[in-house]
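In what follows, a single structure is set out as C-alpha cells and then discussed.
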Amino acid sequence: MEALTRNLNSTILRVGSVLAGLVFWHFLATTVINDTTFLVSPIVVVATGYEMLFVNGELYPHLFASSWIFFYGFLLAIVAGVPLGFLMALSQIVRDYVNPWMTTLYTTPRIAFAPVLLLWFGVGGGAKVSIVFLGCVFPILINSYYGMRVVNREYVELARSFRLNSRALFFKILLPASVPFVLAGVRLAIGRGLTGVAIAEWFGATEGLGYLIFFAGQTLNIPTLFVGVAVFAALGIFGFEVVRRVEAYATPWKTDARGS
Amino acid sequence: MAGPVLELRNLNKEIPRPGGDPFIIFKNINLTVRDGEFVSIVGPSGCGKTTLLRVINGLMPHSGGQILIDGKSAEEVNQELLMGFVFQGASLLPWRTSLKNVLLGVEGRGQNAKDTEQRARKHLELVGLSGFENYYPHQLSGGMQQRVNLARALAVNPRILLMDEPFAALDAQTRNFMQLELLRIWRETRKTVIFVTHMIAEAILLSDRVVVFTHRPGTVRSEFQVPLPRPRTMDIKSDPRFLDLENVVWKQIEEEVNAAGGFAKL
Amino acid sequence: MFKKEIVRGAISISVGVVIWEILTRLLLENELLIPPPSSVLRTFWTLAASGKLNKHFEATLIEFAYGFSTACTLGIIIGYFMGMYKWFDEIMDPWIATLYSIPVIAIVPLIIIWFGIGMLSKIIVVFKITVVAIILNTAAGIKNLDPVWLELAQSLRLTGWQTTYKIRFPGALPYIITGMRLGVGRALLAVVVAELMASNAGLGYLLRDSSETWDSPKLFVTVILLAVIGLVSFNLIKRLEQRMAPWRQSAEWSSEA
Ligand SMILES: Nc1ncnc2c1ncn2[C@@H]1O[C@H](COP(=O)(O)OP(=O)(O)O)[C@@H](O)[C@H]1O
Ligand SMILES: [Mg+2]
C-alpha cells in the first residue's frame with residue numbers, strides 16, 4: 001500500500017513537472033516572446049512533426065540518409081575497434097606502439113578531423129562514414145582493450161590450473177569476461193556516432209537529419225528545427241534501448257532472473 | 001604397496017627482490033602423501049600455504065628442490081591435468097552456469113560431448129546440486145558456489161585434489177555442513193587430498209594427517225597422525241583425543257605466531 | 001633509463017612523423033592534400049608570431065572557462081538537492097534525461113538563434129554539455145553515501161551544514177570529479193563545433209576559415225593544436241582525479257571523454 005502511494009506520488013511529480021514545463025513553454029512562446037522565428041509553442045512542434053511523419057512524409061528521406069551513414073560508420077567501428085582493442089590487451093608491443101596514436105586521436109575533438117577527411121574524400125559518403133567511424137571507434141576500442149585487460153587474475157589462474165590451452169583461455173575466459181565492457185563501449189558509441197552524423201551532414205550534405213536541422217536553423221524554421229532535434233534524441237534513446245536488450249540477452253549472468 | 005602419489009623434496013620458493021636479498025616464502029619442505037590420503041596443512045597466515053599449493057600445481061615455478069608425482073618429476077608431467085584446484089574464493093566464471101562451470105576442465109578434451117556432460121552432471125549430483133545445473137553463480141549461495149567449485153575440480157578426475165581454505169569465507173554453520181559434505185564426498189571418491197586451512201579443528205576433523213607449518217619462511221614443523229576412526233561426525237569434536245590434538249597443535253601455532261613477533265606482525 | 005613503453009611510444013610517434021614527411025615530399029606535388037610536417041611547423045611559427053593563434057586560442061579558452069565554471073557551480077548545487085530530496089529528483093529527472101539524450105550538435109543551431117553568434121552562445125553550449133554529467137554524478141555521490149557516515153555525523157551531533165561540508169561533500173567529491181572529467185572532452189568538442197558553425201573567433205573559426213580557403217598547412221596546425229589541447233586537458237583532469245580520489249582506480253579512463 002505504502003509502495004503504491006509512493007509510486008503514485010512519483011508519477012504525479014514527474015508528469016506534473018513535464019506538464020508544468022510544457023505549459024510554461026507554451027505561454028512563453030505565445031505571449032511573452034510571440035516571435036515564431038525565435039520560439040514556437042510545443043503544440044506547433046507536435047503538429048509539424050505529425051505532418052512531416054504522416055502527412056507529407058518529408059522526414060523519411062532525411063531519416064534514411066542519416067541511418068545509412070550511421071550504420072556503415074558504426075559497423076566499421078565495431079569490426080575494426082573490437083579486434084584491435086583485444087590485440088592491444090594481449091600484446092604489450094602492439095599496445096606500446098599504438099597507444100600514443102590512439103590517445104592523441106581519442107582526445108582530439110573529432111570535429112577537427114572533419115575538414116581533413118573532406119579534403120581527402122570529397123563531400124561524398126566516404127567522408128561522412130569516416131567521420132561517424134572516428135566518433136564510434138574509440139569508445140569501442142578502448143572498452144574492448146580495457147575489458148580484456150582487467151580480466152580477473154583469478155580466472156586466468158583457474159584456466160591454467162585446468163591446463164586450458166591459449167585458444168581455450170581466449171574463448172572461454174578472456175572473451176566472455178570482456179563482453180560487458182565491449183557492449184558498454186558500443187552503448188557509448190551510439191551517442192558519438194549520432195553526433196558524428198550531424199557533424200558530417202553539416203559539411204555540405206543535401207539530405208539527412210543534420211542537414212535538415214542546419215537548413216532549418218539558417219532559414220529560422222523553428223518548428224522543423226525542433227522536430228529534427230527531437231528525432232535525433234529519439235534515435236539516441238532507441239539505440240540505447242537496443243543495446244540494452246542485446247546486453248540482457250548476451251550477458252544473462254548479469255540479470256537477476258532465475259535460471260530455468 | 002604402490003609408492004607415494006606426491007613427494008616434495010627440499011622444496012624452496014623465493015621471490016627475487018631488486019637490489020636486496022630474495023624474499024623467501026617457504027624453504028626445505030619435505031612431505032610425502034600416500035594414495036588416497038587426506039592431508040591438511042595448517043600454519044599461521046602468510047606462511048606460504050597458498051604459494052605451496054600453487055607451486056605444486058605448476059601455476060608458479062619453484063626455486064629449488066623436487067616435486068615428484070607418482071615418482072615422476074612434476075616438470076615432466078606438468079602439461080597433463082593431474083590435479084584439481086579448489087580456490088579460496090569460489091572463482092566460478094560468472095558467465096557460465098553451474099553445469100558449464102563444471103564442464104570447464106573436461107570439455108573439448110577429445111571425449112564425446114555427451115559423455116563429458118554426463119560426467120559433469122554426475123559430479124554436480126555428487127556435491128548435492130542436481131537441479132541447479134542451469135543456475136548462474138550469482139543465483140547460488142556461498143555454500144552452493146563452493147560445491148560447484150568442488151565438483152569442477154573433481155570432474156577432471158584428478159590424481160590429487162588441492163584445496164585452499166575452501167570454507168574460510170562461509171559462515172560457521174554452512175562451514176560445518178560443508179565439512180561433513182566433504183567427508184562424505186571423500187569417502188565416495190577416495191581422492192588424495194591436500195587441504196590447506198588455518199582452522200585447526202577443521203584440519204583434525206577432516207584429515208588422516210595434520211601438517212603444521214612454521215611462520216614464514218614456512219617449513220614443516222611437525223606432523224600428526226589423526227588417531228580418530230572414520231566415518232566421522234561432528235560429535236567427534238568432543239572426543240578427548242580430538243581435544244588433545246587440537247590443544248597440541250594450537251600451542252605450536254601460538255609459538256610460531258609469537259616467534260614471528262605476534263599477530264600484529266603477520 | 002626510460003620505461004620501455006615510453007621509448008616505444010616515442011619511436012612510434014617519431015617514425016610516424018618521419019614517414020609522413022618523406023611520403024608527402026616524395027609523392028605529392030602540391031601540399032593541398034597533406035602538407036609535410038615541416039611546412040605545418042613553419043605555418044605554426046608564422047601564425048604564432050603574428051599573434052593570430054593566440055587570439056583564437058584565447059577566445060576558445062574563455063568560452064570554455066566561463067561555460068565550465070558555471071556548469072560546475074550550478075551542477076553541483078542542483079545535483080546536491082537532487083541527491084538530498086527525492087521530490088526534487090523526480091521533478092528534475094525527466095528534463096535532465098531529455099537534455100541528456102539530445103546530441104549537442106543538433107541543438108547548436110537553436111542556441112545560435114537564441115544567443116547570437118558571439119561568445120555567449122558558445123558559453124551556453126559548453127554549459128549544456130558539461131552540466132548534465134556533473135548534476136548526475138553529484139546526485140549519485142550524495143545518494144550513495146555510506147549511511148554509516150551519516151549516522152556518525154548524527155552521533156557527533158553535527159549540524160546540517162557541518163554534515164554537508166564535512167561528510168556529504170567530501171564523500172561525493174570523487175563522483176563530482178568524475179562528472180567534471182566526463183564533461184571536459186565533450187565540451188571542447190562542442191565549443192569547437194559551435195565556433196565552426198557561426199563565429200568570428202576561436203579555434204573552430206580557424207578550422208572553418210582554413211578549410212574554406214583550402215589552406216591545408218593552417219588546417220593541420222589547427223588540428224594538431226586541438227589534439228594537444230585535448231591531450232593536455234585530459235591528462236590534467238586524470239591527474240586531478242588521481243590526487244583527489246586516489247582510492248578510485250582511475251584506470252577506467254575508458255568510460256568517456
Ligand atoms: N608473487 C608474489 N610476490 C611477492 N610476494 C608474494 C607473492 N606471492 C605470495 N607472496 C608473499 O608470500 C607470503 C605467503 O603468502 P601465501 O602463500 O598467500 O600465505 P598463506 O596462504 O599461508 O596465508 C605472503 O607474505 C605474501 O605476501
Ligand atoms: Mg592463503
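Each chain gets a letter, A, B and so on, in the order the sequences are listed, and its residues count up from 1. Predicted model, so just to flag it, every value in this text is computed and none were measured.
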Gap between atom [atom2] of [Y] and atom [atom1] of [X] - 0.5 Å precision:
X      : Y      : atom1 : atom2 : result
C:L231 : A:T108 : CG    : OG1   : 7.5 Å
C:I224 : A:T104 : CD1   : OG1   : 10.5 Å
A:R14  : C:M92  : CZ    : CE    : 12.0 Å
A:L13  : C:F88  : CG    : CZ    : 12.0 Å

**Report entry** Short N-O contact, A:D96 and C:K4, less than 4.0 angstrom
**Finding:**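 Looking at A:D96 and C:K4, the cut-off is not met.
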
Query raised in the report: Of all of A:T11, A:I199, A:L194, which one pairs up most often with chain C through heavy atoms under 4.5 Å apart?
Result: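 Winner by heavy-atom pair count: A:I199.
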
Report task. Among A:I93, A:I222, A:L105, single out the residue with the greatest number of heavy-atom pairs under 4.5 Å to chain C. Result ->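 Most heavy-atom pairs within the cutoff with chain C belong to A:I93.
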
Do [X] and [Y] have side-chain heavy atoms sitting under 4.5 Å apart?
X      : Y      : result
C:R8   : A:R95  : no
A:F232 : C:I102 : no
C:I113 : A:L225 : yes
A:V116 : C:F220 : yes
C:L226 : A:I111 : no
C:L207 : A:P115 : yes
C:V108 : A:F214 : no

Closest approach of [X] and [Y], non-hydrogen atoms and distance?
X      : Y      : answer
C:V223 : A:F113 : CG1-CE2, 4.0 Å
A:F226 : C:L110 : CZ-CD2, 3.7 Å
A:Y97  : C:S12  : O-OG, 2.7 Å
C:P94  : A:V18  : CB-CG2, 3.7 Å
A:V229 : C:A106 : CG2-O, 3.4 Å

Query raised in the report: Who wins among C:L196, C:T222, C:V192 for the most heavy-atom pairs under 4.5 Å with chain A?
Result: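 Most pairs with chain A among the choices: C:L196.
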
Report task. Go through the atoms of A:A184 and report whether side chain, backbone, both or neither lie under 4.5 Å from a heavy atom of chain C. Result ->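 No part of it gets close to chain C.
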
Query raised in the report: Tell me, side chain or backbone of A:Q218 under 4.5 Å from chain C's heavy atoms, or both, or neither?
Result: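 No part of it gets close to chain C.
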
Query - C:W87 versus chain A, the contacting section by heavy-atom distance below 4.5 Å - result: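 Both backbone and side chain.
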
Report task. Using non-hydrogen atoms and a 4.5 Å limit, figure out which bit of C:L219 sits close to chain A: side chain, backbone, both or neither. Result ->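 Side chain of C:L219 only, per the 4.5 Å heavy-atom cut-off to chain A.
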
Requested in this report: Verify the neighbour count for atom CZ of A:F215: are there more than 12 heavy atoms of other residues, nucleotides or ligands below 6.0 Å?
Outcome: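 Open: at most 12 neighbouring heavy atoms sit under 6.0 Å from CZ of A:F215.
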
